[in-house]
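Order of the sequence lines fixes the chain letters, A, B, ..., with proteins taken first and strands second; residue numbering starts at 1 for each chain.
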Amino acid sequence: MEKKKIKKVFVEGAISPEFVGESIAKHSTKKDIGAHSIFLGQVRNDVIDGKEVKAIDYTSYLEMAVEKFEEIREDTFGKFDLTCMHIYHSHGCVNTGEISLFVFTSSKHRSLAIEACTYIVNRIKSEVPVWGKEIFEDDSFQWKINN
Amino acid sequence: MEKKKIKKVFVEGAISPEFVGESIAKHSTKKDIGAHSIFLGQVRNDVIDGKEVKAIDYTSYLEMAVEKFEEIREDTFGKFDLTCMHIYHSHGCVNTGEISLFVFTSSKHRSLAIEACTYIVNRIKSEVPVWGKEIFEDDSFQWKINN
Amino acid sequence: MEINILTFGQITDITGKTSFIYSDINNTDSLIKELTKAFPELTSIKYSVAVNQQLVHVNTVLNDKDIVALLPPFSGG
Amino acid sequence: MEINILTFGQITDITGKTSFIYSDINNTDSLIKELTKAFPELTSIKYSVAVNQQLVHVNTVLNDKDIVALLPPFSGG
């Protein structure tokens with residue numbers, strides 16, 4: 001059995017805006033693309049019981065998460081006629097104002113790119129075993145809840 | 001009567017990926033943002049009757065377009081609880097593989113940012129008086145049709 | 001009385017100029033009739049009409065210095 | 001027979017360790033019962049169970065070397 005090439009999704013710490021810019025730039029050679037849709041998750045400084053979140057520390061069930069990301073990739077390519085798809089998720093500590101999720105879809109026409117991007121983000125939020133620990137200024141914490 | 005500050009939407013030529021990266025970076029100080037949604041329109045090398053598009057030359061009815069963009073901005077802020085909204089559209093020549101439209105919405109939660117971004121893109125495509133002239137390799141042309 | 005006409009996109013390809021002036025035209029229907037007489041090819045193309053940057057969908061009275069724009073289907077983005 | 005237990009997020013806060021081993025447990029229901037006995041706080045929290053990285057929603061037979069993960073609600077992104 002051939003071993004599938006697994007795309008690397010997790011990055012250590014925050015995803016930099018420059019990295020997003022560079023990812024976009026790489027697509028200028030793919031001249032059949034007409035539309036890119038990008039989603040970025042940014043860490044919010046929520047205030048809970050008077051304490052402000054200063055960072056989120058992400059952990060995962062790595063083996064299962066990698067498999068889940070791969071399943072989402074395959075399902076998305078099956079459902080939408082995309083030229084490209086890229087998913088990056090932070091692992092470890094990401095400060096407020098920094099980016100922890102980067103989903104990037106490209107296709108000939110806009111509706112496919114947009115729908116696919118939204119589909120991926122929703123599946124990541126509900127199906128991938130990743131946990132965010134919200135760290136407050138005083139170093140106390142609470143576990144993040146996705147809605 | 002107070003004169004409204006009109007945001008500059010049109011940029012001469014292509015929108016660079018670095019500019020997109022820099023725009024994202026500027027939002028790291030807005031710590032109540034949880035989600036960014038970005039749409040990028042890229043010029044496709046469509047082949048029509050055996051001839052390949054090499055660029056699109058954008059012209060507009062500038063005064064009306066500026067007013068329309070402003071109306072779309074206001075309607076979008078009215079409909080969606082957004083933190084930020086940015087719209088950039090190319091004027092003049094944009095080569096295949098380059099970016100001609102950049103729509104960027106940010107909000108606390110993802111669904112608002114995503115819906116607002118899609119709403120803006122759809123309204124731009126159908127309501128803003130901009131025309132794309134598809135230039136072929138042999139310098140002949142045809143007028144682009146939005147679907 | 002002067003009405004300023006602006007053309008864009010493939011309309012300009014037909015009229016050969018981006019702006020010109022018509023006199024003694026009182027409403028958009030009359031204007032379109034005159035334009036179609038001058039440029040018969042206009043009948044072969046779909047376009048909208050804006051008076052002072054507002055799209056008009058019915059016959060509209062024109063006043064001195066009004067700006068009438070002939071807008072082929074938009075294709076921005 | 002050995003079953004490997006993995007814990008994550010707030011479950012680890014309760015169990016105090018990220019992995020441990022149980023012997024002579026034949027199915028997930030029995031395992032949950034044993035775990036709840038050892039860590040009563042588990043009853044206060046919602047979690048899913050994965051056997052060898054697959055979520056299971058009904059009582060599932062366990063075999064030697066199976067990996068059972070206790071997964072609190074996901075909060076990635």
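- Using a 4.5 Å cut-off between heavy atoms, B:T29 makes no contact with chain A at all.
- Heavy atoms closer than 4.5 Å to chain A are found in the side chain of B:I114, but not in its backbone.
- Counting heavy-atom pairs under 4.5 Å between each of A:A25, A:S111, A:S28, A:G34 and chain B puts A:G34 at the top.
- Put simply, of A:I99, A:L101, A:V121, A:D32, the one with the most heavy-atom pairs under 4.5 Å next to chain B is A:D32.
- Using a 4.5 Å cut-off between heavy atoms, A:V43 contacts chain B through its backbone alone, with no side-chain atom that close.
- Atom CG of A:D81 has 12 or fewer neighbouring heavy atoms from other residues, nucleotides or ligands inside a 6.0 Å radius.
- Annotation: A:I145, atom CD1; neighbour count of heavy atoms from other residues, nucleotides and ligands within 6.0 Å does not exceed 12.
- Across all non-hydrogen atoms, the minimal contact from A:P17 to B:G21 is CB-O, 3.4 Å.
- Annotation: maximal heavy-atom pairing with chain B below 4.5 Å, among A:G41, A:A113, A:S106, A:A35, occurs at A:A35.
- The distance from the NE2 atom of B:H36 to the CD1 atom of A:I38 is 11.5 Å, given to the nearest 0.5 Å.
- If you take CD on B:E98 and NZ on A:K31, they are separated by 8.0 Å, rounding to the nearest 0.5 Å.
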Between B:T118 and A:E115, does the side chain to side chain contact (heavy atoms under 4.5 Å, CB included) criterion hold? Intermediate values first, please. CA-CA 10 Å; B:T118 307; A:E115 283 167 34; over 6 Å; no
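- Residue A:N95 does not touch chain B at all, counting heavy-atom pairs closer than 4.5 Å.
- When each of B:R44, B:K30, B:E22 is scored by its heavy-atom pairs under 4.5 Å with chain A, the top score falls to B:R44.
- Remark: B:I24 CD1 to A:F19 CZ distance equals 11.5 Å, nearest 0.5 Å.
- Within a 6.0 Å sphere centred on CG of A:D138, heavy atoms belonging to other residues, nucleotides or ligands number more than 12.
- If you measure heavy-atom distances from B:K26 to chain A, you find no contacts under 4.5 Å at all.
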